[in-house]
Chemist: 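Starting off with a structure, shown below.
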Amino acid sequence: MKRIITLVVMLFFIVPLKAQVGNESWEEYQQRIKKEMQNYTGSVRHDYEEFRRQANEEYAQFMRERWEEFQGMKGVPVPEIPEPSKPYEREKDTPVPELPIKFDKVITIPTPNPQPIEPLKRPESPVIPNTPKLPVFDFTCYGTLLSVHMDNNLRISLKDISENSVADAWEQLASESSKELLDDCLALRDELNLGDWAYYCMIRDFSEQYLGKDSDEAVVMKTYLMAQSGYKVRIGRKDKHLIILIPFDGMVFETTYLSFAGECFYDVDSNKGGTYYAFNRSFTDNDRVLSLRMPATPRLAFKSAGEKTFASKRYPELTVTLTVNKNLMEFYNSYPKCQWTNYSWAGISEEVKTKLYPVLRAGIEGKNQIEAANRLINFVQTAFEYKTDGQQFGYERSLFADETFYYPFSDCEDRSILFSILVHDLLGLDVVLIQYPDHLATAVRYTESLNGSYVILDGQNYYISDPTYIGAEVGECMPRYAKTKPAVYKLK
């Protein structure tokens, strides 16, 4: 019956369609409709490009006005977070108290979800047909060879760094050919899993390799491309050079900043302060600041940093030899100095997962939830050497998970971030981060019964699981913190 109804419906639509074809063959009819559609979509594209051209033209006219004077403030020092000089080891026969821990406050770390965006929304229309590609320009970003389409019309040259010269260059960049360049940049952002800082680094490297490292022309190019991509950037000048000013969604330490109506814009290449002149105007009303939270690991070309072996002391079967991506380490090393919470969502790279996860999965196979968690926590407790950030780097510096496998030492926050990722990925359990005045641990919502110390959050018990309390199992809290009220950070 259903088959009959389907045939009737098909005939209902096909018969009138053939009536429209008339004396044309089916192929001729298809070609005519295709051509009409191309004419229509070409008109839509033309209208969009005209709208975009006018928006940039108006922006450049405002840019010709005298730029405002601002005082650049020296960056806020990286906060010194006291940490134990060495990890606390569990003593034999230490009792395991079973009690709820009172906490001071709950702080939510929101899930980062930056998306490739276009500030000038295109009118809704059918798919625009492909246009002939422009010549290709190759450049590298952290060891990764990339390509974009562009022509020499975009090779700007400034007479000086006055308002009018910068505006002239902006108008030159706002040609139709730059739209293909922008499309390529946004496509690369998606293909390479680039968060906001990684996207800026790609734009920076392209601009400097195309127009010259540290050149004023490169500053105009990267400011233009970031603005066209929907970011709230500004251009300014200081000490006879142009600079880009970038706002973030959190504090960046040891970096000069300017305050525009209470909003901080950072000169990411300086911490000297001084007098700046800036064009303080948004390109669109919908532009946004750069997020310091990284949604995923960037996909960069792999360059081995050399193999290392990591082993659990209690469970020797949890022994893995792996190497991290040196290109990724160089990118992470460029990351703005910011709060440790921004490191908690980045995850682990596929290169490390490929070697690490099969070993860990084999080691916890057949174990119940608590046994599996105890094996994972002992791996994190004992496979790495401990030193504080001050001892290793000379300042407070959190590590992304891959960096914990790269640098010779790690501290409590690095291990807590790594353990939280492993528990989430391998056991599928919810984790919160527990911050004491001088220590960071985790707490996990196990679904199997467990004796130990816990915090009650949203009516659920999250049991203390401390990857720096050496030899301790899940549910065990360091005695020194048993009566300390921590802050709880939710990863939501």
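All figures in this text were calculated on a predicted structure; none of them were measured in a lab. Start at 1 with the first residue, then count along the sequence.
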Chemist: Please say which of V220, I156, D216, D160 ends up in a side chain to side chain contact (heavy atoms under 4.5 Å, CB included) with S165.
Modeler: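 Per the side chain to side chain contact (heavy atoms under 4.5 Å, CB included) rule, the option paired with S165 is D160, out of V220, I156, D216, D160.
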
Chemist: Between S215 (side chain only) and A218 (backbone N and O only), is there a donor and an acceptor less than 3.5 Å apart?
Modeler: yes

Chemist: Write down the atom of F253, the atom of P77, and the distance for their closest heavy-atom approach.
Modeler: CD2-O, 3.6 Å

Chemist: Specify the closest pair of heavy atoms between A346 and F400, including all atoms of both residues, with the distance to one decimal.
Modeler: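 Heavy atoms of A346 and F400 come nearest at CB-CD2, 3.5 Å.
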
Chemist: Is there side-chain contact between T275 and E69, with at least one heavy-atom pair below 4.5 Å?
Modeler: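 Yes, close enough: below the 4.5 Å cut-off.
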
Chemist: Carefully, step by step, assess Y224 and S178 under the rule side chain to side chain donor-acceptor pair (under 3.5 Å).
Modeler: CA-CA 10 Å; Y224 174 82; S178 72; 3.2 Å; yes

Chemist: Can you tell me how far CG of D414 sits from OH of Y407, rounded to the nearest 0.5 angstrom?
Modeler: 10.5 Å

Chemist: Output yes when a side-chain donor or acceptor of S147 lies under 3.5 Å from a complementary backbone atom of D138, and no otherwise.
Modeler: no

Chemist: For a quick test of reading the model, state the closest non-hydrogen atom pair linking Y386 to D411 and the distance between them.
Modeler: CE1-CA, 3.6 Å

Chemist: Give a yes or no on whether the backbone of L440 and the side-chain of E413 come within a donor-acceptor separation of less than 3.5 Å.
Modeler: no

Chemist: Below 4.0 angstrom, N of the basic side chain to O of the carboxylate: do R415 and D466 qualify?
Modeler: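 Looking at R415 and D466, the cut-off is not met.
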
Chemist: According to the interplanar angle, ranging from 0 to 90°, do the rings of W340 and Y489 count as parallel (below 30°), tilted (30 to 60°) or perpendicular (above 60°)?
Modeler: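 Judged by the thresholds at 30° and 60°, the geometry between W340 and Y489 is perpendicular.
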
Chemist: Would you say that E263 contacts V289 through its side chain, given a criterion of any heavy-atom pair below 4.5 Å between the two side chains?
Modeler: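 Yes, their side chains come closer than 4.5 Å.
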
Chemist: Are the side chain of Q172 and the backbone N or O of N153 linked by a donor-acceptor pair below 3.5 Å?
Modeler: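 Answer holds: yes.
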
Chemist: Checking N271 against T255 for the side chain to side chain donor-acceptor pair (under 3.5 Å) test, could you report, in this order, the C-alpha distance in whole Å, the side-chain angles of both residues, the deciding distance, and whether it holds?
Modeler: CA-CA 5 Å; N271 192 28; T255 306; 5.9 Å; no

Chemist: Do the non-hydrogen side-chain atoms of T297 and N325 ever get within less than 4.5 Å of each other?
Modeler: no

Chemist: For the pair Y59 and F283, name the ring-plane relationship: parallel under 30°, tilted 30 to 60°, perpendicular over 60°.
Modeler: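 Perpendicular.
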
Chemist: Heavy-atom distance under 4.5 Å between the side chains of F405 and F310, does that happen here?
Modeler: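 Result yes, sub-4.5 Å side-chain heavy-atom pair found.
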
Chemist: Pick from N286, T284, D287: which one makes a side chain to side chain contact (heavy atoms under 4.5 Å, CB included) with K232?
Modeler: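 With K232 as partner, side chain to side chain contact (heavy atoms under 4.5 Å, CB included) holds for just one option, D287.
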
Chemist: Tell me, do V352 and Y406 make a side-chain contact under 4.5 Å, heavy atoms counted?
Modeler: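 Not in contact.
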
Chemist: Taking the side chain as C-beta and beyond, is there a heavy-atom pair between R234 and N280 under 4.5 Å?
Modeler: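 Answer yes - side chains close enough.
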
Chemist: Answer yes or no on whether K303 is positioned over the face of Y142, meaning its NZ or CZ is under 6.0 Å from the six-membered ring centre and within 45° of the axis.
Modeler: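 Cation-pi check for K303 and Y142: fails.
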
Chemist: Answer whether the closest heavy-atom distance between the side chains of W197 and S334 falls below 4.5 Å.
Modeler: yes

Chemist: Quick check: does any side chain N or O of S207 sit under 3.5 Å from a backbone N or O of I203, one acting as donor and the other as acceptor?
Modeler: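 Checked: pair present.
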
Chemist: With a 4.0 Å cut-off on N to O distance, would you call E350 and K355 a salt bridge?
Modeler: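 Result for this pair is no, no salt bridge flagged.
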
Chemist: How many angstroms lie between CG in L258 and CZ in F260, if you round to the nearest 0.5 Å?
Modeler: 4.5 Å

Chemist: Indicate the atoms forming the closest heavy-atom contact of L429 with R445, along with that distance.
Modeler: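 Answer, listing the atom of L429 first, then R445: CD2-O, 3.9 Å.
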
Chemist: Looking only at atom types and distance, does a side-chain atom of T388 sit under 3.5 Å from a main-chain N or O of Q391, one as donor and one as acceptor?
Modeler: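 Yes, the answer is positive, given that a donor and an acceptor are paired below the 3.5 Å cut-off.
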
Chemist: Do D267 and K272 meet the salt-bridge criterion of a basic N to acidic O distance under 4.0 Å?
Modeler: no

Chemist: Ring-plane angle category for Y395 and F393, please: parallel below 30°, perpendicular beyond 60°, tilted otherwise.
Modeler: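 Y395 vs F393 ring planes: tilted.
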
Chemist: Please table the atom pairs, donor to acceptor, closer than 3.5 Å between any side-chain atom in residues 235-246 and protein atoms at least two apart or in another chain.
Modeler:
unit_1, atom_1, unit_2, atom_2, d
R237, NH2, E163, OE2, 3.1
K238, NZ, G273, O, 3.3

Chemist: To check you understand the geometry: which heavy-atom pair defines the closest contact between C141 and L146, and what is its length?
Modeler: CB-CD1, 4.0 Å

Chemist: When you check the gap from the basic side-chain N to the acidic O, do E171 and R64 get nearer than 4.0 Å?
Modeler: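 Yes, charged N to carboxylate O under 4.0 Å.
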
Chemist: Does a donor on one side chain and an acceptor on the other come within less than 3.5 Å for Y462 and T442?
Modeler: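 No, no side-chain donor-acceptor pair sits under 3.5 Å.
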
Chemist: Tell me, yes or no, whether the heavy-atom count around E254 atom CD, taken from other residues, nucleotides or ligands under 6.0 Å, exceeds 12.
Modeler: yes

Chemist: Decide side-chain contact (heavy atoms from CB on, under 4.5 Å) for V219 and D214; before the verdict, give the C-alpha distance in whole Å, the side-chain angles of both, and the deciding distance to 0.1 Å.
Modeler: CA-CA 8 Å; V219 174; D214 299 325; over 6 Å; no

Chemist: How close do R397 and Y332 get, counting heavy atoms only, and between which atoms?
Modeler: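 Nearest heavy atoms, R397 then Y332: NH2-O, 3.9 Å.
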
Chemist: Is a donor on one side and an acceptor on the other found under 3.5 Å between the side chain of Y335 and the backbone of L292?
Modeler: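 Checked: pair present.
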
Chemist: So, do L290 and Y231 sit near enough that their side-chain heavy atoms are less than 4.5 Å apart?
Modeler: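 Yes, close enough: below the 4.5 Å cut-off.
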
Chemist: Only distances under 3.5 Å count here; give the side-chain donor-acceptor pairs of residues 420-427 to other protein atoms, sequence neighbours excluded, each with its distance to 0.1 Å.
Modeler:
unit_1, atom_1, unit_2, atom_2, d
S420, OG, S416, O, 3.3
S420, OG, I417, O, 2.7
D425, OD2, Y357, OH, 2.7

Chemist: Would you say the side-chain atoms of S410 and T404 include a donor-acceptor pair closer than 3.5 Å?
Modeler: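 There is no such pair between these side chains.
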
Chemist: Less than 6.0 angstrom from the centroid, inside 45 degrees of the normal: does R155 satisfy that with respect to the ring of Y210?
Modeler: yes

Chemist: So, D249 and S291: side-chain donor and acceptor under 3.5 Å apart, yes or no?
Modeler: yes

Chemist: Inspect the surroundings of NZ in K337 and state if more than 12 heavy atoms from other residues, nucleotides or ligands are less than 6.0 Å away.
Modeler: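 Enclosed: over 12 neighbouring heavy atoms sit under 6.0 Å from NZ of K337.
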
